[in-house]
Number of protein chains: 2
Amino acid sequence: MSEKVTIATVARHARVSRQTVSNVLNAPHIVREETRLRVEDAINTLGYRANQAARQMRTGRSRLIAARIEPTRDGINGSVLDRFLHGLTETADAAGYRVLLYTASDDEREISTYDDLLGTYELDAFVLVGTKHGDPRTAWLAERDVPFVTFGRPWDALDAHPWVDVDGAAGTAGATRHLLAAGHRRIAFIGWPAGSGVGDDRRAGWRDALHEAGVDPTGLHRETEDGIAEGERLMRDLLAAVAPTAVVCASDSLALGALQAIRGTDPPVSVIGFDDTPVAAAVGLASISQPLGEAAARCVDLLTGVLDGNHETPTHVLLQPSLALRHTA
Amino acid sequence: MSEKVTIATVARHARVSRQTVSNVLNAPHIVREETRLRVEDAINTLGYRANQAARQMRTGRSRLIAARIEPTRDGINGSVLDRFLHGLTETADAAGYRVLLYTASDDEREISTYDDLLGTYELDAFVLVGTKHGDPRTAWLAERDVPFVTFGRPWDALDAHPWVDVDGAAGTAGATRHLLAAGHRRIAFIGWPAGSGVGDDRRAGWRDALHEAGVDPTGLHRETEDGIAEGERLMRDLLAAVAPTAVVCASDSLALGALQAIRGTDPPVSVIGFDDTPVAAAVGLASISQPLGEAAARCVDLLTGVLDGNHETPTHVLLQPSLALRHTA
DNA sequence: TATCCGAATTGGATCGTTCAAGACGGCGAG
DNA sequence: CTCGCCGTCTTGAACGATCCAATTCGGATA
């Protein structure tokens, strides 16, 4: 190939000035149609692509979004992040943004990474997955007016910043109602210790659905850290204590454990997991499915809304999960 | 906050010229120590960070590496990509590079994405995970002298381009030898249809280890597409046909299926999977473990070697897997 | 016919960095 | 003493895009 194709090359080829080419790209409506077509033609013929670095230097915007990739803790639930990232990349691409990855081992380092990314790469925005109570990261970003969205509600202050989340309570409530409709009454719940917003939310959905049906949930739930072994242990405990006929779990890991515990029961105890991970699909575990692709898309929507100065867009999005029915329910 | 801190700000503050500051950053050895310290001091005091866009415009290098994130097919093996990406991000970071994500639904689009990424972002290099026979993507990149590394050997021409891979044959051979040492003789293998380099490699390791021990592998192997159900089906078939006492599988998905098929056998049939996914760890499945973090690190090494013009570095790296022993073996 | 108007186009300046070339002082050799 | 060299530092130009102000041009108006 010959020389690098710049805006000047295109301008010469279309016999117009650089500025006109720039206008065709950034403000097509102010260019006469005939001229515009000639320029567009030259762009295609020459295979011109606007140099992002030069554009960024002038405009101060990089069209880059940062997302964190975490060390895989538990591959079962880890695939959630994986799928979310994929969706994010796809939607961001369509909106003209690219996704840059970063990692950090703790909050302090993560914040110093923000500083670095903002300083050297002039990132346009951040996407955080999951936040804690009193998260120092969101505080840092908000303080500096850096655009960001979280996937996951800030449980302590819902209006603190834009977020996208999936209504976990609605998911577990729906699953519970499905089981109630199938005739179950002793429907147990295995979840996480109180205090995590997500876990409490999921438990609340189950409890509300039972109340709604006039069933007393007392004694029907157990709490533990996430994990297959933990799920199995608690399910055995439940079987011995209250002999539930069905169980809703806060994660697929817990549900897989429960599945191992109920093996051989007759009639089979129904099990419903959460996240609809590929493992659940593989073993036929019914599970509550989060619309991760859509969640990612709405994150990008929110960000572009902020970045393009459109303050009309809502800043909070709560999506509804669906129930993936399989032979365990 | 005040003005943006540029190299000129630092220069004024340290009472030197812009170029001297630039030299402190890029060629410290040509600056007198006293001056260097004064400049470094100013940099720290002011919190200066070199603007990547400006640097890129001058040097033509973006310090950005592209990696593809694929739609999760099978969450069990999908976590491999996940872990690899994490390692890549971490090591690239340490080497002063950042990882940019992209997706593409087919080869043609992927190539056009390359074109776009190179044209607009001036990417420094690509990391491809897995290649096919006669891969059009590597051909395209090689033709244009774009630096890239693949994680996975190009099976048809080992010298075609730099790669990092894990010795699958050594992994299955090691697993097979472990089983032989435990007294097993009828050690089966469940793998993928001939033709995929990875699958053939893994099968060869098992076959060689058996030959080495004087065991005839005839009839002891089965081939199928990847998946839990497929693994279960083939394992039942093997049990009925040749009653193996152990089985080595080409993936954890197949091994999980095999595990379901052998339930209740006495003495228990040993099962060893491949990839040591978190699911394997969770259910206690023995599995061959790929050093993904190291693989990612070596990919970055190879790339920086090429990018920094160091042609001394080897261009092919073959890493040894290890055997994660758990109660299924 | 002269004047004015607004749409379309033009040239110059600018963003922050690195490259290329040159300036400056001190030192040793001729 | 002069010359050239070396180490150190400075100055001007360039990368490729966008912003800004100025200019051209065709057509409408007086």
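Letters go in sequence order (proteins before strands), and every chain restarts at 1.
- Checking B:R153, B:R298, B:Q290, B:H316 one by one against B:D165, the side-chain hydrogen bond (donor to acceptor under 3.5 Å, both in side chains) holds for a single residue, B:R153.
- Here C:dA13 presents its C1' atom at 12 Å from CD of A:Q19, a figure rounded to the nearest Å.
- Side-chain contact annotation: B:H13 with B:D41, donor-acceptor N/O pair under 3.5 Å absent.
- Out of D:dT11, D:dG16, D:dC9, the shortest distance to the side chain of A:A54 is found at D:dG16.
- An OP1 or OP2 oxygen of C:dC19 is reached within less than 4.0 angstrom by no side-chain nitrogen or oxygen of B:T59.
- Taking atom CD of residue A:E34 and atom P of nucleotide C:dA8, one finds them 12 Å apart after rounding to whole Å.
- Across the protein-nucleic acid pair, B:I30 atom CD1 and D:dC9 atom P stand 9 Å apart, rounded to whole Å.
- Distances from the side chain of B:I7 to the nucleotides C:dT17, D:dT10, C:dA8 place C:dT17 closest.
- Counting non-hydrogen atoms of other residues, nucleotides and ligands closer than 6.0 Å to CD of A:E108 gives a total of 12 or fewer.
- Phosphate contact (OP1/OP2 of C:dA8, side-chain N/O of A:T35, threshold under 4.0 Å): absent.
- Remark: B:R68 fails to qualify as a cation-pi partner of B:Y102 under the 6.0 Å distance and 45° angle criteria applied to the six-membered ring.
- At the phosphate of C:dT10, neither OP1 nor OP2 sits under 4.0 Å from any side-chain N or O atom of A:R18.
- Looking at A:I65, A:L117, A:L303 one by one, the single match for side chain to side chain contact (heavy atoms under 4.5 Å, CB included) with A:F126 turns out to be A:L117.
- The phosphate of C:dT18 (OP1 or OP2) has a side-chain N or O of B:R55 nearer than 4.0 angstrom.
- Aromatic ring orientation, A:F151 versus A:F84: parallel (interplanar angle below 30°, classes split at 30° and 60°).
- Residues of residues 42-51 of chain B that place a heavy atom closer than 4.0 Å to DNA chain D do not occur.
- Residue B:T6 is classed as a sugar-phosphate contact, given heavy-atom separations below 4.0 Å to backbone atoms only.
- Taking every side-chain heavy atom of A:T20 into account, C:dT10 is the closest of C:dA8, C:dT10, D:dT11.
- What separates CD of A:Q52 from P of D:dA17 is a distance of 11 Å, to the nearest Å.
- Separating the CG atom of B:L25 from the P atom of C:dC19 is a distance of 12 Å, rounded to the nearest angstrom.
- With sequence neighbours excluded, the residues forming a side-chain hydrogen bond (donor to acceptor under 3.5 Å, both in side chains) with B:Y114 are B:E110, listed by chain and number.
- A straight line from CG of B:N26 to P of C:dC19 spans 7 Å, rounded to a whole angstrom.
- Between the P atom of D:dC15 and the OH atom of B:Y121 lies a distance of 23 Å, rounded to the nearest Å.
- A donor N or O paired with an acceptor N or O is found under 3.5 Å between the base of C:dT14 and the side-chain atoms of A:R58.
- To the nearest angstrom, C1' of C:dA8 lies 16 Å from CZ of A:R15.
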